[in-house]
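Working notes, beginning with the structure itself.
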Amino acid sequence: MRYLVTSALPYANGGVHIGHLAGVYIPSDIYTRYLRLRGEEVIHVCGSDEHGVPITLKAKKEGVSPQAIVDRYNTIIKDSFEKFGIAFDIYSRTSSATHAQTASDFFRHLYEKGEFVEQVSEQYFDPEASQFLADRYITGDCPKCGAPGAYGDQCEKCGSTLSPLELKNPKSMISGAVPVLKETRHWYLPLDKHEAFLRQWILEEHKEWKPNVYGQCKSWLDGGLMPRAVSRDLDWGIPVPVEGAQGKVLYVWFDAPIGYISATKDLTPEWEKYWKDPSTKMIHFIGKDNIVFHCIVFPAMLRAHGGYNLPENVPANEFLNLEGDKISTSRGWAVWLDEYLVDFPNQQDVLRYALCASAPETKDNDFTWRDFQQRNNSELVAIFGNFVNRALVLTAKYFDNKVPSASVLSRADSDTLAQIGVQRKAVEHNIETYHFREALFEVMNIARLGNKYLTENEPWKTIKTDPERTGVVLNVALQIVASMAIAAEPFLPFTADKILSMIGVKSFAWGDLGRNDLLAPGHPLGQAELLFSKIEDEQIEAQIAKLQAIKAAALEASQPAAQIVAPLAAPQKEIITYDDFAKLDLRVGKVLRCEKVEKSDKLLKFTIDTGLDERTIVSGVAGNFTPEELVGRNVTVLMNLAPRKLRGVESQGMLLFAGDPAGEEFTNLAPDKELKAGTAIS
RNA sequence: GGCGAGGUAGCUCAGCUGGUUAGAGCGCAUGAUUCAUAAUCAUGAGGUCGCCGGAUCAUGCCCGGCUCUCGCUACCA
């Protein structure tokens, strides 16, 4: 069987932290190491995702080129992975020449096949910098919480998702100018065209996918797929390879997964057999935020292109938290791999172990330093390290550090050895079904078995009465140690290597696991050393203090910002003529009825007596008024605004209010005195 | 708001086509042991299986409602 394993491309605007490792790279690394050890044909590809708006923003902020940013982080990321033994066959990057060509060809192919639809839409444009603005390039006041500095796609203060058009006082982050709406043409991948196929492929043929993955796909498919834009107005990325597309690049989510293909091309000229030969199984390891792209969008792209395999499975993990809070690169709330290695040199496997044992496989999980310490001290040191050490030290002491012979095995001896085979099956089954936490537990059970075996057979006692029996027991114990070296390799590669050198063996294959003749009688052992060492309370307290400092710094930084929130009058808008004003038909109206719009948070549906007619007007003020509050009151109505449907209800005008809907001061704009409906306002 | 996933012992998690006293590891307690990094081995104490209601002879597991966490995704003229 041939396998192509991909790991989510890390975004090159920061380093790698424990969340990345636990969610994606440790599982994928375990999986590939296991397959390699079995002798399967497998490659593991990854690389940096180097396009997209956040990188251009960071570059602008630092006054350097985007390329400089991605060069910096690509180096850091690559280095972290190498040091932690994440054994990619290639770690590439999406700013490479191969990738530019591959992604460009891919787009071109779809374009020529007529797989895209073109559409013109209105987007914010910066008139001073004369360029279109990506959502992230627009900042303004959050329409929900009122905080300044919200981005066009999200407010980091209250966390709500936004669209640039909703921002109050929008400003271009490039020039500071007020953006204007302008038409722009983009290419869309009509996902709806592939919906029937995806339904069948995922919902019928891949019921074995993890519940979170399957559930999310089902949710998307049931909701109906829509065309998705695959281009952007931006100058950092892969140019859209079509005539008349100046200033447009491939959307980063279109370009990134193609990065898996270009990485494979960079690795081997035989890349096509990994992508196109139906006997190859492709597995995407990702985090839960990427599910839709890997299960819906990318497969649709591959299928639209034709000739490519679709993934066999997409084992997405949930998220890892850190000491009770969400990990955040921008807030600095993370444990970075490079920093970890400074504080815990040569202890990569401890972190690999702790993260795998508490991996967020079925739900979000919390990484705590106490848990990390406990995993090390009472599992790695006490169970695993201690067992190996016991077997080796006893052999050195009683048998001159050579493997003693095992002439006659007792029933207990064979049962113990047979049990390793049972553990092996359990490990295999769990790895193959992506249950790495459980698989690791079963590996540890082999060490538990070893400890129990030694305690029950007491070689330190029999040496006085029956040295030959002691030899047999230690022989068996050493076979278990050898098996541990094999079983641990996918999970704890550094430790496995250490054991191999301690028992004087170059390498084993997975198939050797559980054999009772891995170490022949008389085989000389190497120098015994401790596999793991205890982590003291002080070390853990130092790490916790480090995090507390980050939190304190973040809090301080947010204080002055909060003061600037003080209400600033919005700048005056552009001068208009009297004629412009005269176009507005404003009248006094009276609220006859008012109710909440179903399935909506903020919308109220008003029935207004305008003097002319009774009309329905929808307004987003449910957060400010209860429906009853305004009934019978005068309101100011803009009569001649083009009707528009909101949540399925047609609004035939607009009601005027004063204030910031998210703020405390917000009021209905009505005449001083009760007036008849229909009274003109001028 | 809609949708998805999750809410099981102090901690991390199993469990499920509904079927006798709900399991494991760590932690904790007691005992055994001393080869080993005060490690190990045995035994035990810990649970109204998020809350409320329903269907069933029987439910952690099915149905309805609610609630909390995380993710995806909207309306705001």
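First the proteins, then the strands, lettered A, B, ... as listed; each starts at 1.
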- Message: The side chain of R375(A) is closest to which nucleotide in this list: rC35(B), rG4(B), rU12(B)?
- Response: rU12(B)
- Message: Give me the distance, rounded to whole Å, that separates rG15(B) from rG50(B) when you measure between the P atoms they each carry.
- Response: 15 Å
- Quickly work out the E379(A) CD to rA24(B) C1' distance and round it to whole Å. 12 Å
- In Watson-Crick or G-U wobble terms, both distances under 3.5 Å, what is the partner of rC13(B)? rG23(B)
- Query: Between the side chains of N401(A) and Q527(A), does any donor sit under 3.5 Å from an acceptor?
  - Reply: no
- Could you classify rG46(B) for me, syn or anti, using a glycosidic angle within 90° of 0 as syn? syn
- Without hydrogens or angle criteria, can the side chains of Q373(A) and N376(A) be said to hold a donor-acceptor pair below 3.5 Å? no
Using a cut-off of under 3.5 Å, enumerate the N/O to N/O pairs linking the protein to nucleotides 36-43 of chain B.
| residue | atom | partner | partner atom | Å |
| --- | --- | --- | --- | --- |
| rA36(B) | O3' | N389(A) | OD1 | 3.4 |
| rA36(B) | O2' | N386(A) | ND2 | 2.7 |
| rA36(B) | O2' | N389(A) | OD1 | 3.3 |
| rA36(B) | N3 | N386(A) | OD1 | 3.3 |
| rA36(B) | N3 | R390(A) | NE | 3.0 |
| rU37(B) | N3 | F532(A) | O | 2.6 |
| rU37(B) | O4 | F532(A) | N | 3.4 |
| rU37(B) | O4 | F532(A) | O | 2.8 |
| rA39(B) | OP1 | K534(A) | NZ | 2.6 |
| rA39(B) | O2' | A382(A) | O | 3.0 |
| rA39(B) | O2' | N386(A) | OD1 | 2.8 |
| rU40(B) | O2' | R390(A) | NH1 | 3.1 |
| rU40(B) | O2' | T455(A) | OG1 | 2.8 |
| rA42(B) | OP1 | K452(A) | NZ | 3.3 |

- Query: When all nucleic acid strands are considered with a 4.0 Å heavy-atom cut-off, which category describes P459(A): base, sugar-phosphate, or nothing?
  - Reply: nothing
- Of the candidates rG71(B), rC35(B), rA5(B), the side chain of L394(A) sits closest to rC35(B)
- K288(A) NZ/CZ over F319(A) ring centroid, <6.0 Å and within 45° of normal: yes
- Message: With rounding to the closest Å, how many angstrom separate the C1' atoms on rG19(B) and rU56(B)?
- Response: 12 Å
- Check the distance between rU12(B)'s C1' and F436(A)'s CZ and give it to me in whole angstrom. 18 Å
- Query: Using a cut-off of 4.0 Å on non-hydrogen atoms, how would the nucleic acid contact of A357(A) be classed: base, sugar-phosphate, or nothing?
  - Reply: sugar-phosphate
- Item | Nearest-0.5 Å distance that lies between atom CG in L454(A) and atom CD in E458(A) | 10.5 Å
- Query: Is a side-chain donor-acceptor pair under 3.5 Å present for D413(A) with T416(A)?
  - Reply: no
- Just by distance, with hydrogens left out, do N212(A) and E318(A) show a side-chain donor and acceptor under 3.5 Å apart? yes
- Task: Specify the residue among N445(A) and K288(A) whose closest nucleotide of RNA chain B lies further upstream toward the 5′ end.
- Result: N445(A)
Using a cut-off of under 3.5 Å, enumerate the N/O to N/O pairs linking the protein to nucleotides 7-9 of chain B.
| residue | atom | partner | partner atom | Å |
| --- | --- | --- | --- | --- |
| rU8(B) | OP2 | K363(A) | NZ | 3.4 |

- Message: Side chains of Q479(A) and N475(A): any donor to acceptor distance under 3.5 Å?
- Response: yes
- Which whole number of Å gives the distance between the C1' atom of rC13(B) and that of rG6(B)? 13 Å
- Query: rC16(B) and rU30(B): how far apart are their C1' atoms, nearest whole angstrom?
  - Reply: 35 Å
- Query: Have R448(A) and N445(A) got a donor and an acceptor in their side chains that come within less than 3.5 Å?
  - Reply: yes
- Query: Considering only the C1' atoms, how many Å lie between rG44(B) and rG2(B), rounded to the nearest integer?
  - Reply: 50 Å
- Message: Base, sugar-phosphate or nothing for K461(A)? Non-hydrogen atoms, less than 4.0 Å.
- Response: sugar-phosphate
- Rounded distance in Å - OH (Y353(A)) to P (rC13(B)): 14 Å
- Query: Looking only at atom C1', what distance separates rU21(B) and rA58(B), rounded to whole Å?
  - Reply: 16 Å
- Using a heavy-atom cut-off of under 4.0 Å over every strand shown, decide if K218(A) touches base, sugar-phosphate, or nothing. nothing
- Query: Can you tell if the side chain of Y398(A) reaches within under 4.5 Å of the side chain of T470(A), non-hydrogen atoms only?
  - Reply: yes
- Query: How many Å lie between CZ on F657(A) and P on rA77(B), as a whole number?
  - Reply: 11 Å
- State plainly whether the residues E442(A) and R437(A) are in salt-bridge range, i.e. N to O under 4.0 Å. no
- Expressed as a whole number of Å, how far does the P atom of rC75(B) sit from that of rC63(B)? 32 Å
- Query: In whole angstrom, what separates N376(A)'s CG from rC26(B)'s P?
  - Reply: 15 Å
- Interatomic distance at P, rG1(B) relative to rU40(B), whole Å: 50 Å
- What is the base-pairing partner of rG44(B), counting Watson-Crick and G-U wobble geometry with both distances under 3.5 Å? rC28(B)
- Message: Can you tell whether the side chains of R228(A) and D192(A) come within less than 4.0 Å, N to carboxylate O?
- Response: no
- Residue pair D289(A)/A359(A) against RNA chain B: nearer the 5' end by closest nucleotide is A359(A)
- Quickly work out the N365(A) CG to rU12(B) P distance and round it to whole Å. 6 Å
- Item | Nucleotide rA32(B), atom P - distance to CD of E458(A) in whole Å | 14 Å
- d(CZ, R370(A); C1', rG10(B)) in whole Å: 15 Å
